[in-house]
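What follows is a set of notes on a single structure, which appears directly below.
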Amino acid sequence: MNESQNQGLQTLKDVSKTGKDRKWRERKLRNIELAGQLDILGYRSFERVYQCAEVLKFVEQSDGTKKLYQSYFCKNKLCALCNWRRSMKYSYQASKIVEEAMIRQPKGRFLFLTLTVKNVTGQELNQSMTDILRGFNRLMKYKKIDKNLIGFLRATEVTYSKELDSYHPHLHVLLMAKPSYFKGGSYISQLEWTELWQKAMKLDYTPMVDIRAVKADKGKGLKGAILETAKYPVKPFDVTDEKMDFTDQEKLQIVDDMLTGLHRKRQIGFGKLFKEIKKQFDFDDLEDGNLVQTGEDKDGTSSGREIVAIWNWERKNYYLK
C-alpha cells in the first residue's frame with residue numbers, strides 16, 4: 001500500500017469502558033518479535049504466530065466501545081496477544097467461581113499460599129515444572145490439608161534471573177478453607193506448611209513458603225481483596241521487556257528454554273469446590289480454548305456496526321478497512 005493510499009486510512013482505536021487503551025499495536029509488535037525468534041530457532045510454529053490477530057472484527061456497542069467477535073489467535077504460550085486474552089478470560093472465570101463459592105460457603109476463610117523451589121537451569125526447567133505440579137497434587141491430598149480445604153485455584157509462574165542465569169518456577173495458590181481452620185488442631189502454621197511442601201517435593205533443603213490470610217482491602221473490602229487475589233496475573237516471562245536489557249542471543253535462549261519448559265504444562269488449575277463450580281458453569285478451557293470471547297459473551301453475537309481492522313505490515317499498525 002503506497003503513501004497516498006495510507007493517508008486516507010484510519011488507525012484502530014480500541015479502548016475499554018473505563019477509557020483504557022487496549023494496546024493492540026504494541027502487543028502485535030511483541031508478537032512479531034516472538035515469531036522472528038521462533039523462525040531463527042527453527043520452530044515450525046513461527047508462521048502461525050506471525051498470523052496471530054492479523055484481522056480483527058469488532059461490533060460497535062451502544063456506548064461506542066468495540067467488542068471483538070472474530071479473529072485468529074496462535075495460542076503460543078509466550079505470545080503477548082494470546083497471554084493478554086488468557087489473562088482477561090482467567091480474571092473473569094476466577095472471579096465468577098470465587099463469587100459463587102462465597103455464596104455457597106459464606107463462612108469460608110481465604111488464604112494466599114506461595115510455594116517455591118530453588119532456581120533451575122533452562123535444561124532443568126521442564127522436569128522442575130513436572131515435579132512441582134506432582135508435588136502440589138501430593139500436598140493437597142495430605143490429610144490435614146484436605147480436611148480443611150473447601151476449594152483452591154493454582155497459578156504457575158516462571159521468572160528469570162539475569163544475574164544468576166536461571167529460572168524460578170513457583171506457585172501462587174488461593175485457598176478457601178473451612179471456618180474451623182483457625183481453631184484448635186486444624187490450624188497449619190507457616191513452619192508446618194513449609195515442612196509439608198518439603199515432604200511433598202521430596203527436597204533435601206528447606207524451601208521458601210509463604211502463607212497469609214487474605215485481609216480486607218481498604219477500598220474494596222474483604223470480597224474485593226479476595227477477588228483481586230483470585231485474579232493474580234498469570235503471565236509467562238516477557239522476553240520483549242525492554243527494561244530487562246537482554247541481548248538478542250539471550251532472548252533467543254530464554255524463548256527456547258521457556259517453550260521447552262512450559263511444553264504440555266497446565267499453568268492454571270482449580271480444585272475441589274472451585275473445580276465443581278467451573279464444571280457446572282461450563283466454562284471454556286482457559287489455556288487452549290476460545291480467546292475471542294473472554295467473558296460473558298459466549299456466542300459473541302451482538303447488534304451494531306461492524307468494524308474490521310487489518311494489520312499493515314509496512315506501516316506496522318492496524319488500519320480500519
Side-chain angles (χ1 to χ4, degrees), residues 23 25-46 49-50 52 74-87 90 112-136 154-173 194 197-198 201 203-210 212 229 231-268 287 316:
K23 297 183 179 179
R25 178 177 183 267
E26 290 87 341
R27 292 185 171 101
K28 180 60 183 172
L29 289 172
R30 283 157 60 192
N31 156 271
I32 292 168
E33 183 177 351
L34 173 65
Q37 291 161 341
L38 296 177
D39 188 9
I40 294 168
L41 289 165
Y43 282 88
R44 287 181 295 178
S45 59
F46 80 92
V49 176
Y50 268 129
C52 186
C74 67
K75 299 181 183 177
N76 186 286
K77 284 182 179 282
L78 297 183
C79 173
L81 286 159
C82 294
N83 281 328
W84 166 53
R85 304 299 295 182
R86 280 193 198 98
S87 71
Y90 169 80
F112 192 57
L113 174 67
T114 304
L115 301 166
T116 73
V117 294
K118 282 183 178 178
N119 282 27
V120 295
T121 64
Q123 290 82 4
E124 298 168 325
L125 183 58
N126 187 277
Q127 186 59 52
S128 180
M129 295 280 284
T130 298
D131 293 342
I132 285 172
L133 295 176
R134 285 176 180 167
F136 178 75
R154 164 194 63 75
T156 309
E157 186 178 25
V158 180
T159 53
Y160 173 77
S161 168
K162 184 172 182 178
E163 186 181 349
L164 300 173
D165 186 25
S166 61
Y167 297 86
H168 180 53
H170 51 285
L171 300 176
H172 298 289
V173 192
T194 304
W197 179 236
Q198 183 177 359
M201 286 296 297
L203 302 174
D204 59 3
Y205 62 89
T206 303
M208 292 288 290
V209 172
D210 185 74
R212 60 187 66 191
T229 308
K231 294 189 292 184
Y232 193 93
V234 183
K235 297 176 184 175
F237 184 75
D238 181 9
V239 292
T240 61
D241 189 343
E242 293 176 1
K243 297 174 191 172
M244 301 302 286
D245 193 29
F246 293 120
T247 65
D248 288 343
Q249 193 56 46
E250 285 173 331
K251 286 183 179 181
L252 285 172
Q253 187 61 59
I254 293 166
V255 166
D256 200 23
D257 289 343
M258 289 290 285
L259 285 177
T260 303
L262 295 172
H263 182 60
R264 303 184 85 169
K265 299 293 184 290
R266 299 290 298 179
Q267 289 175 261
I268 302 160
E287 297 185 50
K316 295 181 170 55

Do Thr121 and Tyr167 come within less than 4.5 Å of each other through their side chains, counting heavy atoms only? no
What orientation do His172 and His170 show, parallel under 30°, tilted 30 to 60°, or perpendicular over 60°? perpendicular
Closest heavy-atom pair and its distance - Arg27, Leu81: CB-CD2, 3.6 Å
Given 3.5 Å as the limit, does a donor-acceptor pair link the side chain of Thr260 with the main chain of Asp257, or not? no
Going by heavy atoms in the side chains, are Cys82 and Cys74 under 4.5 Å from each other? yes
List the steps and the verdict of side-chain contact (heavy atoms from CB on, under 4.5 Å) for Val173 and Phe136. CA-CA 10 Å; Val173 192; Phe136 178 75; 3.7 Å; yes
Would you name the heavy atoms of Pro169 and Val120 that are closest together and state the gap between them? CD-CG2, 4.2 Å
Could you pull out the closest heavy-atom pair between Gly135 and Met201, with the gap in Å? CA-SD, 3.8 Å
For Arg266, does the CZ atom have more than 12 heavy-atom neighbours from other residues, nucleotides or ligands under 6.0 Å away? yes
Working to the nearest 0.5 angstrom, can you tell me the gap between Leu262 CG and Leu78 CG? 6.5 Å
Beyond-backbone contact of Leu125 with Val158, side-chain heavy atoms, under 4.5 angstrom: yes
Return the minimal non-hydrogen interatomic distance between Asn31 and Val49, and the atom names on each side. ND2-O, 3.0 Å
In short, Leu252 meets Leu41 closest at the heavy-atom pair O-CD1, 3.6 Å
Would you check, one step at a time, whether the test side-chain contact (heavy atoms from CB on, under 4.5 Å) holds for Lys316 with Lys28? CA-CA 9 Å; Lys316 295 181 170 55; Lys28 180 60 183 172; over 6 Å; no
First locate atom OH of Tyr90, then atom CD1 of Ile268, and finally report the distance between them rounded to the nearest 0.5 Å. 6.5 Å
What closest approach, in Å, do Gln267 and Glu287 show between heavy atoms, and which atom pair accounts for it? N-OE2, 2.8 Å
Are more than 12 heavy atoms from other residues, nucleotides or ligands located less than 6.0 Å from atom NZ of Lys265? yes
Can you tell me if Tyr205 uses its side chain to pair, donor with acceptor, with the backbone of Lys118 under 3.5 Å? yes
Those residues that, when tested against Lys75, pass side-chain contact (heavy atoms from CB on, under 4.5 Å) (two or more places apart): Arg86, Leu291
Does a sphere of radius 6.0 Å around CG in Asp210 hold more than 12 heavy atoms from other residues, nucleotides or ligands, not counting ones at 6.0 Å or beyond? yes
From Arg30 atom CZ to Glu26 atom CD, the distance as rounded to the nearest 0.5 Å: 9.0 Å
As an exercise, state the distance from CG of Leu259 to CG of Leu34, rounded to the nearest 0.5 Å. 7.0 Å
Could you check whether any side-chain heavy atom of Lys77 comes within less than 4.5 Å of a side-chain heavy atom of His263, counting everything from C-beta outward? no
When you look at Leu38 and Val255, which way does the side-chain contact (heavy atoms from CB on, under 4.5 Å) test go after all the steps? CA-CA 8 Å; Leu38 296 177; Val255 166; 3.9 Å; yes
For the CZ atom of Arg264 and the OG1 atom of Thr130, what is their distance to the nearest 0.5 Å? 11.0 Å
Looking at CG of Leu29 and NZ of Lys23, how far apart are the two atoms once the value is rounded to the nearest 0.5 Å? 12.5 Å
I'd like to know whether Trp197 forms a side-chain contact (heavy atoms from CB on, under 4.5 Å) with Thr116, so could you lay out the CA-CA distance, the side-chain angles of the two residues, the decisive distance to 0.1 Å, and finally the verdict. CA-CA 9 Å; Trp197 179 236; Thr116 73; 5.6 Å; no
Looking at side-chain heavy atoms only, is the closest gap between Tyr160 and Asp165 below 4.5 Å? yes
